[in-house]
Number of protein chains: 2
Amino acid sequence: MPRVALSAESTDPKPTRREQILAAAAELFARHGFHGVGIDDIGSAVGISGPALYRHFRSKDAMLGEMLTSISEVLLTGGQARVATVAEPGATLGELVRFHVDFALDNPALITVQERNLGNLTDPDRRKVRALQRRYVETWVEVIRTSVPAVSEPTARAAAHAVFGLINSTPHSRHLDRDQMADLLTDMAMAALVHAPVGRDGLQPGFSAG
Amino acid sequence: MPRVALSAESTDPKPTRREQILAAAAELFARHGFHGVGIDDIGSAVGISGPALYRHFRSKDAMLGEMLTSISEVLLTGGQARVATVAEPGATLGELVRFHVDFALDNPALITVQERNLGNLTDPDRRKVRALQRRYVETWVEVIRTSVPAVSEPTARAAAHAVFGLINSTPHSRHLDRDQMADLLTDMAMAALVHAPVGRDGLQPGFSAG
DNA sequence: ACAGTCGGTTAGCAAGCGCTAACCAGACGC
DNA sequence: GCGTCTGGTTAGCGCTTGCTAACCGACTGT
């Protein structure tokens, strides 16, 4: 994999054909779903038409596969990098949240595709993506459990998924400008993580907050 | 529309054929996407095969259309009912959150379909669903703005969408049992809404928390 | 008893799909 | 200046899809 790119924040002056194609396909898959987009649609979105795509990808499935593994790799390595390089340990969770928020705001189409089209992957591709995602969730779980006292592992896992849902909601609402949105999402995610799961575990299963 | 049903919580002893079909189709659409499911798949999921569905629906698009308008109507009327019948005004937001949490936990397939397949609707159907959703968001915005002091309307709208994302994440994580999950999601949503957007508005646009 | 409706069946059509085949223009190495 | 890649083109194949047509058995009202 010569150039990972695919991410809108790279702002390459000269993106590879492969990269343009993946970007256009991501946009289309996000809007219409994998099966709702034809080979010809993707082609004409980058100015070439139809079967020319097969000079760059082996199949339509391969496009989705490369797209999703690429996202998963970027998220995993980026998240791990943020965790590794943070100065004081109290700031790790905030750093992780901010990283995911920035990624989601800068790559809304990719986020949408990863959320919606995991089921359209080829079996081996899905296994690979699932494995990467699991490791990403794992780093979140670890950081949550060291940052928030006394939260069980299943609760941390569920909370991580919930926060992903919160942050990934960004493609569906464009009411604020980018930086306001980033701050809002970061603060909401932190509040949800820090204030909510506390004191939740260790209680009887029949407990109800209502 | 004789029977709204479609919702798993109704636990009809004798669901209509239409209802079984819609439930099966929702499950399939959620898993494979609208275009990834064939008429024959839906048919055999309810024990009949293929074109027999056209005795109950005019087209495949009509199935999705009825499914999504039904969900949107249930959410809107249910939400408005909770808001109308709440005793003390301070509990309104919590009531609304709990209502949405319960719906999402009891109808994961429907939530998934509504999130992913809005773009596959017919134009008039999409207009109708969008209108219903807008009114639902509107009641959320009103309740948020009366419950949380000094939050601007665009911020409240963005926060509502973010909370929907948080709550609707439930189909993607099954690590807790239903009631624990309901409590966790409710508390996270409330924390995100109450603690985060406070003091956010009225600041200069250039403000950044990072 | 019998006509009508209701809810099924199978056969098959027209269109769209992913993909391959065959061809071709231009850039480049030697 | 000629062969070879590279990255396009169009034609078209084989399959699947949504949907219709034609038919049919079981209830039901009169």
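Lettering follows sequence order; numbering is per chain, from 1. All values derive from a computational prediction rather than experimental measurement.
- The interatomic distance linking A:Asn120 (CG) with C:dC17 (C1') rounds to 15 Å, in whole Å.
- Judged by the 6.0 Å and 45° rule, B:Arg116 forms no cation-pi pair with B:Phe29.
- A donor-acceptor pair shorter than 3.5 Å can be found between the side chains of A:His100 and A:Asn168.
- Rounded to an integer number of Å, the gap from NE2 of A:His32 to C1' of C:dG16 is 16 Å.
- The two atoms that bring A:Ala104 and A:Ile167 nearest to each other are CB-CG2, 3.9 Å, heavy atoms only.
- Separating the CG atom of B:Leu53 from the P atom of C:dG7 is a distance of 13 Å, rounded to the nearest angstrom.
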Counting primed atoms, P, OP1 and OP2 as sugar-phosphate and everything else as base, the B/S/- map of nucleotides 15-24 of chain D against protein heavy atoms under 4.0 Å is ---SBB-BB-
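- Salt bridge annotation for B:Asp183-B:Arg98: present, with a cationic side-chain nitrogen under 4.0 angstrom from a carboxylate oxygen.
- B:Lys60 places a side-chain N or O within donor-acceptor distance of the main-chain N or O of B:Phe34, the cut-off being under 3.5 Å.
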